[in-house]
Amino acid sequence: MTVDTHVAKVAQKGGRVKIYFKADDVPPISVAILFGVQQLMVCVSGLVVIPYILSEKICAGSHKASIRVQLISTTLLVSGISTLLQNTFGVRLALLQGPSFAFLPPLLAFTSLPEFQCHSDISEMTSEEDGYLIRLRKIQGGLLAASAVQIVIGFTGLIGIITKFIGPLTIAPLMLLLALSAVPVCLKHVATHWVSLLLAAALVACAIYLAKVKVPLPLLRNGRLRLTRVPIFTLFPYLIAIGSCWLFCLILTLTNTVPPDSAARTDKNETMLVLRDAPWLRLPYPGQWGPLDFHTGIFLGFVAATLSSVIESVGDYHACARVSDERVPPPHAVNRGILIEGICCLIAALFGSGVGVTTYSENIGVIGITKVASRVTLQICGIILVGLGVFTKFGAILATIPEPLVGGILSVSLAMVGGVGLSSVQFVNLNLSRNVAILGLAIMSGMAVPLYFEQYPLNTGMAELDQVLNILLTIRMFVGGFVGFLLDNTVPGASREQRGLQPHNTNEKSRFDDGADHDCYSFPPLVNRILARIPLVRLLLFLPELKKKVAGTTGPHKLIIPIDTANL
């Protein structure tokens, strides 16, 4: 089925969100590759910024450029592997995995300790190379130990039990505060050059003003080349906007229209250095920095970051399900998603990318705009990321995207994330003052409490406890989500339906389903049949719910499996 035929078929359905490609749908391969590249372009800033920061903080000295290239290569490879695992075996929604910024505060706190600052002398250090390797190994060891916490949370089903009590009054503040907390970062990038406003305007024009415009394109149909009208501005708004603005910055650079130190140039010294020094081919491997070490402070800080990352990911799962027109993720899917993220953090620790892995909210915003929620597009994106991690020179080209364009991408994407979070309160009865009060208190607490502890850090006399608490209490989405969760589950005066929990507390098919007997969160039938033959499989809370009896079994307690038409 061609893209235009599929879109026309979907457009005929009324009374619901018009998703062109749902999670189980498989777009034509050529179009799916473009969708995958578009998702990659949106997240590239997050993928390269962590290696930049880490290479500065580990005191690499003259080795900084080469270490930065290796960290970028490792981050791309780990993100690609993690994306493939999450979309194939995890929650099975179209989610992209990348380095988590929640791990950045404890990382910066660790590198600011007197014994690990760049001007200090580490007792074991015998050379400049030994110095930064010691820091990297301790970061790896702390991340490895912290990843075990997340694996346990997902494996035991603890987070799945909690999600039964997470409703819109928790999700809406969490997602809104996630977007608001990124405003300073967006402003920092946007303020570097006016071209960022050009990108933001191009994205808004493509995604909103030109959304219904169909452009005639020559496409091959039934063996003949015909002009077909395709809504390319809806399907590829990011690809069009980023590509055109990146080309515009390249023209400004080649014509010297902007000064040499302008942020809009594509030939800045640091990016050209990375591009020049990057080898054509390099395969990152576990233990590439040497044997892992351990530091209690970085471990506890990473545990705090892991907890906040888990909460953020749960909110992302719900937001992605909503924009993908799927039912709310059931507990088994959430358990499996968190378990896979924990395993991916373990992989990140072994490879030495520096920080853990989490779900990227920006890419959920892309789904909300493009209405393309096929997991196949993210699997393709994961394959591309693995390729970029191995063919390092191509990955280094991504580092030439000017900083202002990064600001424009983040601003529009996070704006969509905040809007998606707010849209979830439509299931809540806002005529009840209880619900309105909880929503307002959660948002206000998420803004005020972190601001207070940023100015007046907690000081209990226990340095490691202070570090953990100060990290948690300064994460806006954590504070706001926790307050919303606590109040929504302790304040009486509303039924589950009035709290917006009724659709979240059922394992029935989504009210958006067309009657098809499938579940995007489950595995393909062949995998289910294999799992059905494994003893005690029902005890694993991260496996799909069982809905149909296996042939040849009888009795109410026999193992049952779901019907599923999902594709790997």
Side-chain angles (χ1 to χ4, degrees), residues 47-79 81-82 98-151 279 282-306 309 342-358 389 392 463-464 467-468 471:
L47 295 176
V48 300
V49 71
I50 294 293
Y52 268 86
I53 295 174
L54 186 58
S55 61
E56 293 283 347
K57 294 298 181 179
I58 59 174
C59 316
S62 60
H63 300 273
K64 183 171 65 175
S66 61
I67 287 296
R68 179 175 293 171
V69 171
Q70 294 178 54
L71 286 172
I72 290 177
S73 174
T74 303
T75 299
L76 292 173
L77 178 65
V78 169
S79 299
I81 295 173
S82 302
S100 174
F101 284 86
F103 288 82
L104 198 54
L107 184 65
L108 296 177
F110 165 74
T111 55
S112 65
L113 294 175
E115 64 269 29
F116 292 108
Q117 291 180 4
C118 292
H119 57 75
S120 64
D121 292 326
I122 301 178
S123 58
E124 307 100 312
M125 187 190 306
T126 57
S127 67
E128 183 184 79
E129 181 177 2
D130 289 337
Y132 71 76
L133 288 179
I134 287 172
R135 294 175 174 87
L136 278 175
R137 291 165 185 168
K138 290 185 181 295
I139 292 171
Q140 278 187 271
L143 180 59
L144 181 69
S147 66
V149 176
Q150 188 165 355
I151 292 175
R282 179 184 181 272
L283 181 63
Y285 57 91
Q288 59 183 328
W289 310 124
L292 277 64
D293 203 349
F294 184 79
H295 185 274
T296 304
I298 191 66
F299 162 68
L300 293 176
F302 277 172
V303 168
T306 296
S309 179
I343 294 174
C344 294
C345 287
L346 177 66
I347 295 173
L350 293 175
F351 277 83
S353 61
V355 298
V357 175
T358 191
T392 318
E464 294 174 347
Q467 186 182 61
V468 173
I471 290 172

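Computed from a predicted model, the values in this text were never measured in an experiment.
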### Query
Side chains of Ile139 and Phe103: does their closest heavy-atom pair fall under 4.5 Å?
no

### Message
Which heavy atom of Pro284 sits nearest to which heavy atom of Ser73, and what is that distance?
### Response
CG-OG, 3.4 Å

### Query
Distance-only, no hydrogens or angles: does the Ser100 side chain make a donor-acceptor pair with backbone N or O of Val357 under 3.5 Å?
no

### Task
Could you tell me whether the side chain of Leu54 reaches within less than 4.5 Å of the side chain of Val355, counting heavy atoms only?
no

### Query
Nearest 0.5 Å, what's the CD-OG1 distance between Gln150 and Thr358?
7.5 Å

### Message
Among Gln140, Gln70, Arg282, which residue satisfies the side-chain hydrogen bond (donor to acceptor under 3.5 Å, both in side chains) criterion with Gln288?
### Response
Arg282

## Note on the structure
Taken to the nearest 0.5 Å, the spacing of Phe351 CZ from Leu77 CG works out to 5.5 Å

### Message
Return the CG to CD1 distance between Leu143 and Ile298, rounded to the nearest 0.5 Å.
### Response
9.0 Å

### Summary
The reported gap from CG in Leu133 to CG in Asp293 (rounded to nearest 0.5 angstrom) is 11.5 Å

### Query
Under the 3.5 angstrom rule, does the side chain of Ser79 hit a backbone N or O of Leu76 as a donor-acceptor pair?
no

#### Entry: Least distance between heavy atoms, Pro51 atom then Leu71 atom
CB-CB, 3.8 Å

### Message
To the closest 0.5 Å, what do you measure between CG (Leu136) and CG (Leu292)?
### Response
10.5 Å

### Task
State, with a plain yes or no, whether a side-chain heavy atom of Ser353 is found less than 4.5 Å away from one of Thr74.
yes

### Query
Below 4.5 Å, heavy atoms only, C-beta onward: do Phe294 and Leu144 meet side chain to side chain?
no

### Task
State, to 0.1 Å, how close Phe302 and Gly142 come at their nearest heavy-atom pair, and which atoms those are.
CD1-C, 3.7 Å

